[in-house]
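Not measured: the values here are computed from a predicted model. Chain letters run A, B, ... following the sequence lines, proteins first, then strands; residues in each count from 1.
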Protein chains: 2
Amino acid sequence: MPTLNEVARHAGVTPATVSNVLRNRGRVGETTRQRVLEAVAALGYRPHLAARALAEGRAPTLALMVSSIANPFYPEFALAVERAARTSGHFVIICNTNEDPLTGRAYLDQIAGTLSEGVLVTNANLDFADLHTTEARGTPVVLCMWERPHEPPGLPCVAVDFRLAGELAGQHLLALGHRRIGAIVGSKATGVHAARYQGFVDALHAAGAPKGRVKHALDTIQGGYTATRALLDADPTITAIFATNDLPALGAMHAAADLGLSVPGELSVIGITDIQLARESRPALTTVAVPTVEVAGLAVSLLRELIESSYGQAGKAAAPDAVTVPMRISSPPELVVRASTGVPRSP
Amino acid sequence: MPTLNEVARHAGVTPATVSNVLRNRGRVGETTRQRVLEAVAALGYRPHLAARALAEGRAPTLALMVSSIANPFYPEFALAVERAARTSGHFVIICNTNEDPLTGRAYLDQIAGTLSEGVLVTNANLDFADLHTTEARGTPVVLCMWERPHEPPGLPCVAVDFRLAGELAGQHLLALGHRRIGAIVGSKATGVHAARYQGFVDALHAAGAPKGRVKHALDTIQGGYTATRALLDADPTITAIFATNDLPALGAMHAAADLGLSVPGELSVIGITDIQLARESRPALTTVAVPTVEVAGLAVSLLRELIESSYGQAGKAAAPDAVTVPMRISSPPELVVRASTGVPRSP
DNA sequence: CTGAAAGCGCTAACAG
DNA sequence: CTGTTAGCGCTTTCAG
């Protein structure tokens, strides 16, 4: 691997000049520029990114924290993040926390600021204190899927109005005529899907409909499957299932299939997110779509801004504007009606 | 961010000593070691990975090239890769080629050897010449899913006997009594699934069964869907579909659903790979499982070995053992019978 | 057992 | 416009 120095020698200039032509910095004469470019091509020179990172004091990578990339939502998101990151020359390092805050911390400790100049956090079971620590150490962090635009998390974030998503789902079911609706909340009671469920309840309330049964479940197909069976077991008159995420909704459809209930004939099912699988299931899942690609784009660009300004204010003492934690809000979720919802069966 | 130097000062020693205790190198006195450790803890020191990379001449990351992380097989594989990589302190950078060889080359050019010390390649539409180039430049490359153990690709790889997988699938269908089987090959005629289809044909041949119809398709659910409809259109007497991958197999099931054909009652469907979705579809997909996690582990450890030896032989002139390109073979694929296959309908 | 010194490959002022 | 001079933070001989 040829170095900058060798290229410089080959071109009969100094390393600084080569560096300059390569990054269009200091103005360089056209003839030397050509000479340098030729040398670069001749030697097949490629800049050593680690060296550059050290010299610049910043690494060209972003860390993407996910609980498990195997959860089908994350790959879609990761793809969008990577695309956005590439536009600013960033590479993305994927950090699976495997739902373990300690693993998450280990990642943050190791790469934040030393190999990555910014951190993107999805709903990855992380300790907020750890995130604040890495922020305090100078590495910007942004939360990618904050659920409650009206209750900022105290960390830069891009928020999606998930309460609205829940409400839209509820309204859709209500409009179809459903009154006995089971709800599957894909997390513990205190969990991250509270806003979605709240929206659903709001819709019910506004329509004067009864509140219905709720079941908390793992945010997986299996979780939705189990929850649905429990729900239907407890109340066979349920005509629709609202799940706070697509995966459990898919599980609900499976449960229906196993119980011999047709969807949507005998049971309607709706989810939230609109992952690819939602389109591809049979029947195709009605859901409330979250603008995934947009969120990824917003998150990356917010992170970039934070990174830039973090270098900018390096000299400033005690920035008191730390109170204004930035938050971007994505465009609102939208109902996508597909084949898993319909009018309720007659009693 | 405290530096090694500051820690050294704090502990009243030199940076070299701190470095030594941190990596258990030069023997260090127990008392100074303690002192250093305290200083490290007190200052919250974390090594600067980019600086270390430069000094060591090697980066702590591996590049994982995939065509699109959104294809459901890759996340599962990526997760396994990351787990394996962590055991040697490596981070993984995910590189989506988006099926574009140029994008792949751009990635290789930029990070191979400068930010990543090794490259893992899945079936990511890459130019082999580019891979050889990066290898020649000194960055080891390993192919992760080579399909034909008996025709080494000329690059280090871990191979899976996909011909066998196709054969097992064929045998299963045959054993059930199917004779009119449609095949969906998830790639162009010249493509990467040739071995799988060959195995299937071998099984047919061995049983003296007719060869049946074939349709090439995109390696997606949609591709399988379209292909299935075409197949059934051309020959309604088909009783089973063999797909060279799970995604198209899933698509076949959807097509069946839309045509009002019950699976497996009126149409059996089998795939290859056993992605998570196969377990989670309804009916659950019968498939031939590839040992994904094992393959990831083999690939990472092979890559590690290549990396180590590449540093080792740095001085040696013209290593003539370049002829022995290493290949690891995974344990054989295994048939997983689930609910999508059964005896053929009576004529 | 520990310190001093050189350098990894590149960038960033500042001179000339 | 181009060259000089310092490092970035860490590792690694080699002396002491």
Heavy-atom nearest pair, B:I329 first then B:P149, reads CD1-CB, 3.8 Å
Do any of residues 105-116 of chain A sit with a heavy atom less than 4.0 Å from DNA chain C, and if so which?
-> none
A:Y311 has an atom OH; how far is it from atom C1' of D:dC8, in whole Å?
-> 13 Å
Could you state the atom-to-atom distance from CZ of A:R58 to C1' of D:dG9 in whole Å?
-> 18 Å
Taking the nucleotide of DNA chain C with the closest heavy atom to each, which residue, B:V13 or A:H48, is nearer the 5' end?
-> B:V13
Spacing of B:L4 atom CG relative to C:dG3 atom P, expressed in whole Å | 13 Å
Contacts table for residues 136-146 of chain A: side-chain donor-acceptor under 3.5 angstrom, sequence neighbours left out:
from   : atom 1 : to     : atom 2 : distance (Å)
A:R137 : NH1    : A:D109 : OD1    : 3.2
A:T139 : OG1    : A:G113 : N      : 3.3
A:W146 : NE1    : A:R148 : O      : 3.0
A:W146 : NE1    : A:E151 : O      : 2.8

Check whether the side chains of B:E82 and B:H90 place a donor and an acceptor atom closer than 3.5 Å, and report yes or no.
-> no
Using ring pair (Phe, Tyr, Trp, His ring centres under 6.0 Å) as the criterion, list what pairs up with B:Y74, not counting sequence neighbours.
-> none
Could you write out DNA chain D as a dot-bracket string, with dots for unpaired bases, | for bases paired across to another strand, and Watson-Crick or G-U pairs counted at under 3.5 Å?
-> ||||.|||||||||||
Round to a whole Å and report the spacing from CD of B:E6 to P of D:dG9.
-> 8 Å
Distance (rounded to the nearest 0.5 Å) between A:I93 CD1 and B:I93 CD1 = 4.5 Å
Using a strict cut-off of less than 4.0 Å between a Lys/Arg side-chain nitrogen and an Asp/Glu carboxylate oxygen, indicate whether B:E56 and B:R23 qualify as a salt bridge.
-> yes
Would B:T17 and B:R35 count as having a side-chain donor-acceptor pair, cut-off 3.5 Å?
-> no
Specify whether A:F128 and A:H132 have parallel, tilted or perpendicular ring planes, treating 30° as the upper limit for parallel and 60° as the lower limit for perpendicular.
-> perpendicular
Any salt bridge between B:E305 and B:R328, counting N to O under 4.0 Å?
-> yes
Would a 4.5 Å heavy-atom cut-off, applied to side chains only, mark A:I69 and A:N71 as touching?
-> no
Can you tell me how far the CZ atom of A:R83 sits from the CG atom of B:N98, to the nearest 0.5 Å?
-> 4.0 Å
Rounded to whole angstrom units, what separation is found between the CG atom of B:L22 and the P atom of D:dT11?
-> 7 Å
Within the distance-only criterion (no hydrogens, no angle test), does the side chain of B:T32 pair as donor or acceptor with the backbone N or O of B:V28 below 3.5 angstrom?
-> no
Separation between OG1 of A:T134 and CZ of A:R105, rounded to the nearest 0.5 Å = 12.0 Å
Working to the nearest 0.5 Å, report the span between CG of B:L37 and CG of B:L22.
-> 7.5 Å
Whole angstrom value for the distance that separates C1' of C:dT11 from CG of A:L49 | 14 Å
For nucleotides 12-16 of chain D, which of its nitrogen or oxygen atoms have a protein nitrogen or oxygen under 3.5 Å away, and what is each distance?
none

Nearest whole angstrom, please: distance from the P of C:dG7 to the CZ of B:R52.
-> 22 Å
Report the nucleotide, chosen from C:dG9, D:dG3, D:dT11, that has the shortest atom-to-atom distance to any side-chain atom of A:T14.
-> D:dG3
For A:T3, answer base if it contacts any base atom (sugar-phosphate contacts may also be present), sugar-phosphate if it contacts only those atoms, and nothing otherwise; contact means non-hydrogen atoms under 4.0 Å.
-> sugar-phosphate
At under 4.0 Å between heavy atoms, what does B:G57 touch on the DNA or RNA strands: base, sugar-phosphate, or nothing?
-> nothing
What integer distance in Å separates B:N5:CG from D:dC10:C1'?
-> 10 Å
Output the residues of residues 31-47 of chain A in contact with DNA chain D, where contact means a heavy atom of the residue under 4.0 Å from an atom of the strand; sort by number or write none.
-> A:T32
